[in-house]
Chemist: 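Take this structure first; my questions come after.
To find a chain, count down the sequence lines: A is the first, B the second, and so on, and within it residues start at 1. For the numbers below, each heavy atom of this structure counts, side chains included, while hydrogens, waters and symmetry mates do not.
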Amino acid sequence: MAKPTLLLIDGNSLAFRAFYALYNQVDRFTNHEGLHTNALVGFNNLLDKIVDPFHPDKVLVAWDAGKSTFRTTKFDNYKGNRDKTPSELVEQFEPLRKMVALHGIKNYELIDYEADDIIGTTAKMGEAAGYSVTIVTGDRDMRQLVSEDIKVLITVKGVSEVDEYTVAKVAEVYDGLTPNQIVDVKGLQGDSSDNYPGVPGIGEKTAIQLIKEHHSIPELYERLDDMKKSKRKENLITYKADAMMSLDLARIRTDAPLTISLDDLDYQGIDYQALVEFYQHLDFKQQLVKLANMGYVIGGGQADVAGQDATVTPTDLQVEVRELTANNLAHIEELGNEVTFYLELDGENYHTAAPVAFVIGNAAHGYFASRDIELLYQKTPLNAVLTDEKVVKNVFNAKAVIVALKRLDVALNNIGFDLLLVAYLLDTNDNNNDLGALAQQNDYYAVQTDEEVYGKGAKFAIPEVDADLFEHLARKAMAITNLKDPLMAKLTAHAQLDLYTDIERPLSMVLAEMESTGITVDANHLLEMRSKFAERLSELEQQIYNQAGEEFNINSPKQLGIILFEKMGLKPIKKTKTGYSTAVEVLEQLSDVPVVESILRYRTLAKIQSTYIEGLLRVIHGSDSKVHTRYLQTLTQTGRLSSVDPNLQNIPVRIEEGRQIRSAFVPSQPGWKIFSADYSQIELRVLAHITGDKHLQEAFIHDEDIHAATARRIFGLAPEETVDPNMRRQAKAVNFGIVYGISDFGLAKNIGTDRKTAKAIIETYFNEYPGVRTWSEAVIAQAKQDGFVETVAHRRRYLPDINARSFNLRSFAERTAMNSPIQGSAADIIKIAMIRMQTALKEAGMQTKMLLQVHDELIFEAPAEEMATLHEMVPRIMDSAMQLDVPLKVETHEGLTWYDAK
DNA sequence: CAAATCACG
DNA sequence: ACGTACGTGATTTGA
């Protein structure tokens, strides 16, 4: 029969390990009260991964009782060089003990002894009583306790992985020594971290060798006379007292006067229900999700930022869902004037994915699910409800549902609550596109993630069993329904209701229309470009092989680095984590070498070929010769949109050969043209507005060339002096730098000067534009106090690192504190303009279609006869989108293709 | 699946 | 003394 098990855990050493494993992110791990939790997180992982599955018969976590022990009495300097324990860790010790207790484990400490000695003594007790003993620690010296019945697990990297030490493993590491000889090795070697001396000149290697020969320190000294004369012998004699003392300090006690016995150590098992409350206090959401899914009731809730109690919903909520069929559609007519609707697609691209099932319902009347997609578009009561302007529809990702339904020729009208959009506005970090994950982040646990239910990658499959699918869909719908009130209340508390109802929600309708409309791409034009590029690329390829003297993969930075910097002996200017950098800025400094020039040329063309020509050809829809991008409205940290599948916000423009790609973007109808309108210097105008700086505002009010105006100021030019192009270039870099949250280092790198000069330029800038300096300081101070910054439309960005101890993290947060209100307010403005634009086009009965948004510009297609109207109307709407203290300026262009609209 | 590179505002 | 410009997405390598 197997022996009973005794598990002994070194609380102190593991708490330190856990704390320092996540130390660089210590400020990321805090609960709502500001308590640091990084050591708690790590310790909890350890308990989860090692202790709970082990399920020991008896178990103990040992702690140090205080700083002074019998060892400090014997040797004043014992552990004397240790830094003071950081307060961020000290505050976690009490909760750590509580966590241990809730896991059904005894905590123990003993005055005058260290945790090691408690473990040593208990281990021997257990061994004698016939237990199989396992010790978990981060302290390698504990290996001295290993025996036939005692093994030691030492944590490696972090705390969740361990190395197991048995007698055989110790012998392997210590060259044949036994575990109890480790203290003799330590006695000779000393220990710098515990700060005891050993014998000078003897390190681990020599110590092991000496102990191997003489078995122990006392035996070594008995035979010391036989040792031939040497410096080592001299040291051994001189420092005998140190060696004997170190031996004593290194030895873990196995006879500590414990006040507990093995009877006190029975493993009690985990008190899950009590853990729920504890994890809620610590804000351990992941753990709560796990418990919720095990069926434990998550109740109560912690106060959130706005001071309301978060609603936390138990996972074992009753789910009643009925199948909707053509025969029971009458239920739909009884739902009333507010419903939740959720449409499931078989893929993430809603322009192409097939609808597979849906659910509709509300709290009062229950939920109805079906796989019968026809019910949506046939003339049914369901179709009527979706279209009905008087029935409010609560959804998750309105834009996706609107586009998908539009493909079925169904209009979805009157969107109320959009869970995806609202959660994003409340916290841009909640930008997960999975309903389950997002609900859980908002303390609602009665719904799983799609990955949990459907699987991912090759395993992705919608359940075939109706009951399984319908339950998941109903749970999603209920999450939307139940999160509406608490999240809308938060929006109001954050003064973000208008941002939602007047900007983001109407914008999602506008974007749905733009995406559905799509933009026509001339595939033949791209195919012609592809052949030309292919020819030039293969010529370049041969030329590079000749110049390099061998064939290699030019697309591999690794292979290229070897060719350039090893084989050809060029001077590496910059390194990356993995080797030599071969980025443009490096290659440009070497461009007098012929092969480097060819490679730069190759890179440019290969990028255009693979990303733009071939990439674009892949995503043209066969049915309408158009590309339909998806704008991600809930992703960026600043409030900008992003664009995927394909990304139409990074089509080349700066280099002529790339710019040619734009000539493949054409109007969808003969006789139509492409029209574009872009804001001029919108971010700097926003800067002038929110900083209130008079000089900056003056420049815009007088419609000056802003970079030239800045150049005049920072270089102190007299009115009659002209701004030379180099001055203007540098001033432009400074203006950009200010928007990005300037640093002397960054500016110096950008304009190719030294840091000192850059610093002086920045100083002059702030003196010339004092309002900018005042604002920068104020916005950072405000962020440090509130933890977030805001745009003009109350869009929020939380900056958890703004008070971090790490210079890097903190500096980054400070730069974003300056940049986000600027970039984000510009985003607010163009979003308002887009909504008004769409309305104005409809009201004017025009055929013009708004197609694309590229951060500060809008692209349209329109009949040639509407061009004149657009040149007047579009700038008028765009420049009046928001009233600032400086004018907004808009420039317009038209042409037969996007390329020509310049 | 991360890293490197390069396209845009 | 630290080591940085802000925000994105797509492609290709290579562990």
Chemist: Using 4.0 Å as the upper bound for N to carboxylate O, is an ion pair formed by A:Glu657 and A:Arg536?
Modeler: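 Salt bridge between A:Arg536 and A:Glu657, a charged N being under 4.0 Å from a carboxylate O: yes.
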Chemist: Distance-only criterion, 3.5 Å: show the donor-acceptor pairs between side-chain atoms of residues 612-621 of chain A and protein atoms not counting sequence neighbours.
Modeler:
{"from": "A:Tyr612", "atom 1": "OH", "to": "A:Asn650", "atom 2": "O", "distance (Å)": "2.6"}
{"from": "A:Tyr612", "atom 1": "OH", "to": "A:Asn650", "atom 2": "ND2", "distance (Å)": "3.4"}

Chemist: Checking all strands, does A:Leu635 fall into the base, sugar-phosphate, or nothing category for heavy-atom contacts under 4.0 angstrom?
Modeler: sugar-phosphate
Chemist: For A:Ala827, answer base if it contacts any base atom (sugar-phosphate contacts may also be present), sugar-phosphate if it contacts only those atoms, and nothing otherwise; contact means non-hydrogen atoms under 4.0 Å.
Modeler: nothing
Chemist: Which is true for A:Gly741 with a 4.0 Å heavy-atom rule: it touches a base, it touches only sugar-phosphate, or it touches nothing?
Modeler: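 Contact class for A:Gly741: none.
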Chemist: Quick one: CD1 on A:Ile651 to CG on A:Leu648, what's the gap to the nearest 0.5 Å?
Modeler: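 The CG atom of A:Leu648 is 5.0 Å from CD1 of A:Ile651, to the nearest 0.5 Å.
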Chemist: Let me confirm one number: the CG-OH distance from A:Leu696 to A:Tyr769, rounded to the nearest 0.5 Å.
Modeler: 5.5 Å
Chemist: Near DNA chain C, counting only heavy atoms under 4.0 Å, which residues of residues 748-758 of chain A show up?
Modeler: A:Lys749, A:Asn750, A:Arg755
Chemist: What residues form a side-chain hydrogen bond (donor to acceptor under 3.5 Å, both in side chains) with A:Lys759, not counting sequence neighbours?
Modeler: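 So A:Lys759 forms no side-chain hydrogen bond (donor to acceptor under 3.5 Å, both in side chains) with any residue.
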Chemist: In this structure, which one of A:Asp705, A:Asp879, A:Asp856, A:Asp703 forms a salt bridge (charged side-chain N to carboxylate O under 4.0 Å, His left out) with A:Lys889?
Modeler: A:Asp703
Chemist: Is there a side-chain contact between A:Thr892 and A:Asp678 (heavy atoms, below 4.5 Å)?
Modeler: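 No, their side chains stay 4.5 Å or more apart.
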Chemist: Which is true for A:Arg797 with a 4.0 Å heavy-atom rule: it touches a base, it touches only sugar-phosphate, or it touches nothing?
Modeler: sugar-phosphate
Chemist: Which nucleotides of nucleotides 3-9 of chain B have their base under 4.0 Å from a protein heavy atom (B), which only their sugar-phosphate (S), and which neither (-), written as one string 5' to 3'?
Modeler: SSSBBBB
Chemist: Report yes if the side chains of A:Lys831 and A:Glu504 come closer than 4.5 Å at any heavy-atom pair, otherwise no.
Modeler: yes
Chemist: Answer yes or no: is there an ion pair linking A:Lys749 with A:Glu585, defined by an N-O contact shorter than 4.0 Å?
Modeler: no
Chemist: Can you check the distance between B:dC6 and C:dC2, where both ends of the measurement are the C1' atom (answer in whole Å)?
Modeler: 30 Å
Chemist: On DNA chain C, reading 5' to 3', which nucleotide is the first and which the last to sit with an atom under 4.0 Å from a heavy atom of chain A, could you check?
Modeler: C:dC2 to C:dA15
Chemist: Quick one: CZ on A:Phe812 to CG on A:Asp801, what's the gap to the nearest 0.5 Å?
Modeler: 8.5 Å
Chemist: Could you check whether A:Leu632 gets within reach of a base, just the sugar-phosphate, or nothing at all, counting any heavy atom under 4.0 Å?
Modeler: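 Sugar-phosphate, no base atom in range.
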Chemist: Looking only at atom C1', what distance separates B:dA7 and C:dG3, rounded to whole Å?
Modeler: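 Per the computed distance, 27 Å lies between those C1' atoms.
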Chemist: Judged by each residue's nearest nucleotide on DNA chain C, which is more toward the 5′ side, A:Asn819 or A:Ser811?
Modeler: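 Comparing both residues, the 5'-ward one is A:Ser811.
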Chemist: Report the relative orientation of the aromatic rings in A:His707 and A:Phe736; use parallel for angles under 30°, tilted for 30 to 60°, perpendicular for over 60°.
Modeler: parallel
Chemist: Using 0.5 Å steps for rounding, measure from the CD atom of A:Glu814 to the CG atom of A:Leu799.
Modeler: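 Nearest 0.5 Å value for the CD-CG distance: 10.0 Å.
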Chemist: Out of the candidates A:Arg795, A:Gln637, A:Arg797, A:Arg796, only one should pair with A:Thr428 under the side-chain hydrogen bond (donor to acceptor under 3.5 Å, both in side chains) rule; please name it.
Modeler: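 Going through the options one by one, the only one that passes is A:Gln637.
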Chemist: Taking C:dA5 as the reference, what is the distance to B:dA2 when you measure between their C1' atoms (whole Å, please)?
Modeler: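 These two C1' atoms come out 24 Å apart once rounded.
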Chemist: Convert the base pairs of DNA chain C into dot-bracket notation, remembering that pairs crossing earlier ones are written with [ ] and that bases paired across to another strand are shown as |; include only Watson-Crick or G-U pairs under 3.5 Å.
Modeler: .....|||||||||.
Chemist: Determine whether more than 12 heavy atoms belonging to other residues, nucleotides or ligands lie under 6.0 Å from atom NZ of A:Lys532.
Modeler: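 Count not over threshold, so no.
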